[in-house]
Structure formats: C-alpha cells, structure tokens
Amino acid sequence: MYQELVLRESSFVRIVLAAGRQRLRTLGSLDQHGTHELDKAQAQGVAEEVTQLRSSGELIDVDDDLTALAELSRWCAHAREDAWLKIQGP
C-alpha cells in the first residue's frame with residue numbers, strides 16, 4: 001500500500017525550522033531541499049516530534065499539516081510489512 005502527503009513548501013520549511021529550534025533530532029535535521037527515506041523507527045520518531053511541535057502551539061496555523069504528517073508517520077511506523085517514510089523537499 002502506498003500513501004502520499006503533499007505539504008505546501010512554506011509549511012514544510014516552517015516545520016523543519018521550528019523542529020530545529022526545538023532541537024527535535026529527526027525533523028530538525030532534514031534538508032529542506034533533499035530527499036530522505038526513513039525506516040519504521042525513524043517514522044515513529046517523526047510522529048513523536050510532530051506531536052511535540054503541535055503541543056508547543058508554535059505552528060498552530062499549519063496544525064492540519066502537522067496532524068496529517070503525524071498520522072502518516074504513525075501509519076508507516078506500525079505497518080505490518082517493511083515500510084519507510086520518504087520525505088522529499090521542494
């Protein structure tokens with residue numbers, strides 16, 4: 001099964017920058033213009049970090065994007081088969 005989430009470039013950049021400010025290891029280390037393939041454990045880390053971002057209230061205006069990213073990351077982390085989360089910058 002394949003699932004896809006497309007975020008606006010401005011939202012993606014803001015999420016990565018906010019994660020860096022909050023010292024969130026996985027999200028904060030993403031290259032905004034690169035492509036990253038994360039394994040199931042890393043996808044779970046992304047889900048947890050996105051939850052922290054949501055809790056901080058810093059990005060309330062992109063909360064729908066954060067929610068969708070957390071849900072997709074959790075789906076990947078809990079998939080029965082081999083799975084990975086591919087994050088591609090603009």
Side-chain angles (χ1 to χ4, degrees):
M1 176 182 262
Y2 174 82
Q3 292 195 23
E4 180 178 84
L5 169 66
V6 178
L7 301 177
R8 292 181 310 274
E9 179 179 358
S10 60
S11 295
F12 179 71
V13 169
R14 290 183 59 216
I15 289 168
V16 171
L17 292 175
R21 284 192 299 276
Q22 293 186 28
R23 300 182 198 272
L24 301 176
R25 184 178 303 193
T26 305
L27 280 175
S29 69
L30 295 179
D31 176 357
Q32 298 168 21
H33 303 287
T35 299
H36 309 274
E37 287 191 12
L38 309 178
D39 63 23
K40 291 171 85 167
Q42 292 168 314
Q44 180 63 38
V46 167
E48 292 167 2
E49 291 177 4
V50 169
T51 298
Q52 290 178 12
L53 279 175
R54 290 186 69 223
S55 296
S56 76
E58 182 177 348
L59 299 173
I60 194 74
D61 59 316
V62 294
D63 192 62
D64 289 344
D65 291 333
L66 290 170
T67 300
L69 180 56
E71 288 174 356
L72 180 60
S73 299
R74 280 193 186 89
W75 175 85
C76 178
H78 297 290
R80 289 181 172 225
E81 303 295 324
D82 286 340
W84 63 90
L85 176 64
K86 183 176 181 180
I87 298 178
Q88 184 172 343

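Atoms considered below: every heavy atom in the structure, side chains included; atoms not considered: hydrogens, waters and symmetry mates.
Here the CG atom belonging to D64 is positioned 12.5 Å from the CG atom belonging to L59, to the nearest 0.5 angstrom. We find the CG-CG distance between L85 and L5 to be 9.0 Å, quoted to the nearest 0.5 Å. Between atom CG of residue L27 and atom CG of residue L17 there is a gap of 11.5 Å, rounded to the nearest 0.5 Å. Interatomic distance, CG of L66 versus CD1 of I60, reported as 9.0 Å (0.5 Å rounding).
Looking at heavy atoms from C-beta onward, T51 lies in side-chain contact with R74 at the 4.5 angstrom threshold. Side chains of L7 and I15 form a contact here, defined as non-hydrogen atoms less than 4.5 Å apart. T67 has its side chain within reach of R54: a pair of non-hydrogen atoms, C-beta onward, lies under 4.5 Å apart. Two residues are said to be in side-chain contact when any heavy atoms from C-beta on lie closer than 4.5 Å; R8 and V62 meet this criterion.
A search for salt bridge (charged side-chain N to carboxylate O under 4.0 Å, His left out) contacts involving R14 returns D61, not counting sequence neighbours. With sequence neighbours excluded, the residues that form a side-chain contact (heavy atoms from CB on, under 4.5 Å) with Q52 are L24. Residues meeting the side-chain hydrogen bond (donor to acceptor under 3.5 Å, both in side chains) test with E71, sequence neighbours left out: none. Legend: residues meeting side-chain hydrogen bond (donor to acceptor under 3.5 Å, both in side chains) with S10, ordered by chain and number and at least two apart, are absent. Listed by chain and number, the residues in a side-chain hydrogen bond (donor to acceptor under 3.5 Å, both in side chains) with R21 are E58 (sequence neighbours excluded).
Side-chain atoms of E48 never come within 3.5 Å of backbone atoms of G45 as a donor-acceptor pair (strictly under, hydrogens ignored).
Nearest heavy atoms, L53 versus A19: CD2-N, 4.0 Å. Across every non-hydrogen atom of I87 and F12, the tightest pair is CG2-CE1, 3.6 Å.
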Which donor-acceptor pairs under 3.5 Å do the side chains of residues 77-84 make with protein atoms, sequence neighbours left out?
from: H78; atom 1: NE2; to: Q44; atom 2: OE1; distance (Å): 3.3

